Asks: 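Handing you this structure, nothing more for now.
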Amino acid sequence: MSEENYSWKTRFSTWFGLAALVFGAFCGGAMASGAYATSYFARYGGGHLLVFVLIFMTIMAVCCILGINVIRVFKVTDYNGFYLALYGLHKPDSNPVLKKIVAVFFDFYTILSGISACAGAMALFGSLAASSVGIPVQVGSMIAAVMFAVLSVYGAAFLRRFNSVMTIALTGCLLAVLIAVCAVRGDVLANLIGNFEVGVDWSGVPLATGYTMLISYCFNVGSWGATLSSYSEKIRDQKDAIGSGILIAVFVGALFFVTSCIVLPFLPEELNSTPILNICQKHLGGTLTIMYWVVILIAVITTGPTFAYSIAARFMKLWKNDGVDQKLKVFVIALAFMVICYFVSLMGLMKIVLLLLTSTGAIGAVSIFLPLLISIFRIHKINRAEKAA
C-alpha cells in the first residue's frame with residue numbers, strides 16, 4: 001500500500017469517527033420526534049427547507065472547522081481548556097481573574113444547555129406516554145425525571161452500551177418511515193421540495209422571523225469545539241480539521257433533511273412537537289408505529305442521563321462529605337437537576353426547542369462564534385511563526 005493511499009484512509013477514518021460521534025449526539029429523541037423539523041426547517045415549505053438545511057450545514061461546518069483548529073493548535077483536551085484557549089487565557093501567566101470568569105461563565109452555559117436538552121427529553125417522554133397509554137403529560141414527565149436520575153447513577157457504562165445501538169436503530173427506523181411516507185405521499189413530497197410558494201403561511205409566523213430563529217438556533221453548534229476537544233487526538237493538520245468539519249455538517253444536515261422530508265407532506269396539519277409519531281399512528285400502520293415508539297423511547301432515555309450524569313460529576317466535587325456513597329451523591333445531585341428540568345419541561349417540547357435553544361444559540365453567537373472567527377487570525381499567525389521557525 002502506498003503512503004498516499006494509507007494517508008487518505010487514515011484521514012478519512014479520523015473524519016468519519018468525529019462525524020459519527022456528532023451524528024449520534026444529534027440523533028436523539030427531539031430530532032427523531034420531528035420537533036426540529038416543525039420548529040425550524042419544514043414549517044415554511046419545501047423550498048425554504050433546502051435553504052434552511054444549507055444554512056445550518058454552512059454554520060456547522062465553519063464552527064467545527066474553526067473549533068477543531070483551536071484544539072489542534074493549542075492542544076486542548078477538555079472543554080474548560082478549549083474555552084480558555086479560545087479567549088487567549090490558556091497560558092500559565094494569564095490573568096487568573098479572567099480565567100475564573102471564563103470558566104464560570106461557560107459552566108453556566110453548559111448547565112443551561114443541559115437544562116434545555118433534559119427538559120426537552122422529559123416533555124417528549126410525557127407526550128409519548130400520553131399518546132400511548134393515556135397518562136397526563138405532566139405525570140409522564142415526572143416519571144422521566146425520576147428515571148433519568150436513577151439511570152444517571154450508571155451513566156458512563158449506560159451510555160457506552162446504548163449510544164451506538166440507539167443511533168443505528170434510530171437511523172434505520174427513520175429511513176423505514178421515510179420509505180413508507182414516500183409510498184403514501186411521495187407525490188406530495190415531490191411537489192413541495194424546492195417549492196418556495198406553498199407553505200410560507202403555514203405557521204402564521206413571518207418568514208423573516210423564521211430565518212432569524214433558525215440562525216440563532218444554528219449558533220448552538222459553536223460549542224461543539226469544546227465537546228470534540230476530548231475526541232480529537234488524531235487530528236494532525238488543517239486538512240484534517242477541514243475534512244472533519246465538512247463531514248460532520250453533511251452527516252447532521254442529512255439527518256435534519258430526512259426528518260423534515262418525513263414531516264413535510266403532512267403539513268400544516270402536523271405542525272406540532274411529535275409529528276412523526278402522529279404520522280406513524282395515522283397513516284403508516286401499527287407495526288411501524290410500535291417499532292418507532294420503542295426506538296424513540298430508547299433515544300429519549302439516553303439523552304436525559306447523559307446530561308444528568310455530566311452535571312452530577314461536575315458538582316459532586318463540591319460535596320466534601322466522604323461518608324456519603326458516591327452513587328448516592330450522583331443520584332441526589334442528578335435528581336435536584338432533574339427537578340429544575342421538570343418545571344422547565346412544563347413549557348412543552350415545542351416552546352423549549354423554539355425559545356431555549358434559540359436563546360442559547362444567541363448567547364453562543366456572541367460568546368463562542370465571534371471568538372472562533374477571531375481565532376482565524378491568531379491561528380494564522382501561529383502557523384506562520386511555525387513555518388518560519
Side-chain angles (χ1 to χ4, degrees), residues 18-19 21-23 25-26 28 30-31 35-44 48-71 79 82-87 102 105-117 119-120 205 207-229 241-242 244-257 259-260 307 350-379:
L18 291 180
L21 174 73
V22 181
F23 179 89
F26 270 94
M31 167 70 76
Y36 291 124
T38 52
S39 296
Y40 298 111
F41 292 93
R43 63 191 321 210
Y44 294 102
H48 294 286
L49 160 64
L50 299 178
V51 178
F52 286 167
V53 171
L54 182 61
I55 290 173
F56 172 84
M57 290 175 63
T58 301
I59 293 176
M60 178 134 209
V62 170
C63 287
C64 287
I65 290 170
L66 297 181
I68 294 173
N69 252 334
V70 170
I71 296 168
Y79 84 86
F82 175 84
Y83 288 123
L84 290 177
L86 189 60
Y87 278 79
V102 169
F105 174 84
F106 283 106
D107 271 337
F108 278 109
Y109 182 81
T110 302
I111 291 171
L112 182 60
S113 299
I115 290 174
S116 302
V205 179
L207 182 61
T209 302
Y211 271 91
T212 300
M213 294 179 66
L214 171 84
I215 293 172
S216 293
Y217 164 73
C218 287
F219 284 119
N220 280 287
V221 303
S223 62
W224 270 103
T227 303
L228 291 172
S229 61
I242 294 173
S244 298
I246 293 175
L247 198 60
I248 288 170
V250 170
F251 273 33
V252 181
L255 194 59
F256 280 120
F257 181 72
T259 53
S260 296
F307 287 93
M350 187 71 85
K351 287 186 177 179
I352 291 170
V353 172
L354 284 172
L355 297 179
L356 285 185
L357 290 179
T358 302
S359 299
T360 54
I363 296 171
V366 177
S367 62
I368 303 176
F369 185 69
L370 289 181
L372 279 174
L373 292 180
I374 295 172
S375 74
I376 295 174
F377 303 100
R378 294 172 57 209
I379 290 174

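If you're wondering where the values come from, they're calculated on a predicted model, not measured in any experiment.
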Asks: Assess the residue pair Ser229 and Tyr83 against the criterion (side-chain hydrogen bond (donor to acceptor under 3.5 Å, both in side chains)); give the C-alpha distance rounded to whole Å, side-chain angles, the decisive distance to 0.1 Å, and a yes or no.
Replies: CA-CA 10 Å; Ser229 61; Tyr83 288 123; over 6 Å; no
Asks: Less than 4.5 Å apart, any side-chain heavy atom of Thr259 and any of Tyr36?
Replies: no
Asks: Which value, rounded to the nearest 0.5 Å, describes the distance between Cys64 atom SG and Ile59 atom CD1?
Replies: 11.5 Å
Asks: Not counting sequence neighbours, which residues clear side-chain contact (heavy atoms from CB on, under 4.5 Å) with Ile363? List them please.
Replies: Phe105, Tyr109, Leu112, Ser367
Asks: Which heavy atom of Val53 sits nearest to which heavy atom of Gly253, and what is that distance?
Replies: CG1-O, 3.8 Å
Asks: Supply the atom-to-atom distance Arg378 CZ to Asn69 CG, rounded to the nearest 0.5 angstrom.
Replies: 12.0 Å
Asks: Given side chains that start at C-beta, do those of Met60 and Phe256 come closer than 4.5 Å, heavy atoms only?
Replies: no
Asks: Say you draw a straight line from CZ of Phe56 to OG1 of Thr58; how long is it, rounded to the nearest 0.5 Å?
Replies: 10.5 Å
Asks: Listing request: all side-chain hydrogen bond (donor to acceptor under 3.5 Å, both in side chains) pairs with a residue in residues 211-220, at least two apart in sequence or in separate chains.
Replies: His48-Tyr211, Asn220-Thr360
Asks: Test of understanding: with ring pair (Phe, Tyr, Trp, His ring centres under 6.0 Å), list the residues that count as partners of Phe369, not counting sequence neighbours.
Replies: Phe219
Asks: What pair of heavy atoms forms the shortest contact from Ser375 to Leu86, and how long is it?
Replies: CB-CD1, 4.5 Å
Asks: So, do Phe26 and Val221 sit near enough that their side-chain heavy atoms are less than 4.5 Å apart?
Replies: yes
Asks: Is Ser223 close to Ile368 at the side-chain level, that is, under 4.5 Å between some pair of heavy atoms?
Replies: yes
Asks: Excluding sequence neighbours, so at least two apart, what forms side-chain contact (heavy atoms from CB on, under 4.5 Å) with Val250?
Replies: Met57, Ile246
Asks: To the closest 0.5 Å, what do you measure between CG (Leu66) and CD1 (Ile376)?
Replies: 4.5 Å
Asks: Who passes side-chain contact (heavy atoms from CB on, under 4.5 Å) against Ala19, sequence neighbours left out?
Replies: Leu247, Ile248, Phe251
Asks: Within this structure, what is the CG-OG1 distance for the pair Leu354 and Thr38, rounded to the nearest 0.5 Å?
Replies: 8.0 Å
Asks: Going from CE on Met350 to CG on Leu355, what distance comes out if it is rounded to the nearest 0.5 angstrom?
Replies: 11.0 Å
Asks: Check whether any side-chain heavy atom of Leu228 sits under 4.5 Å from a side-chain heavy atom of Phe82, and report yes or no.
Replies: no
Asks: Mind checking what makes side-chain contact (heavy atoms from CB on, under 4.5 Å) contact with Leu356, not counting sequence neighbours?
Replies: Ser116, Val344, Ile352
Asks: Do Ile55 and Tyr40 touch side chain to side chain, with heavy atoms closer than 4.5 Å?
Replies: no
Asks: Considering all heavy atoms of both residues, which atom of Val366 and which atom of Pro371 are nearest to each other, and what is their separation?
Replies: O-CD, 3.5 Å
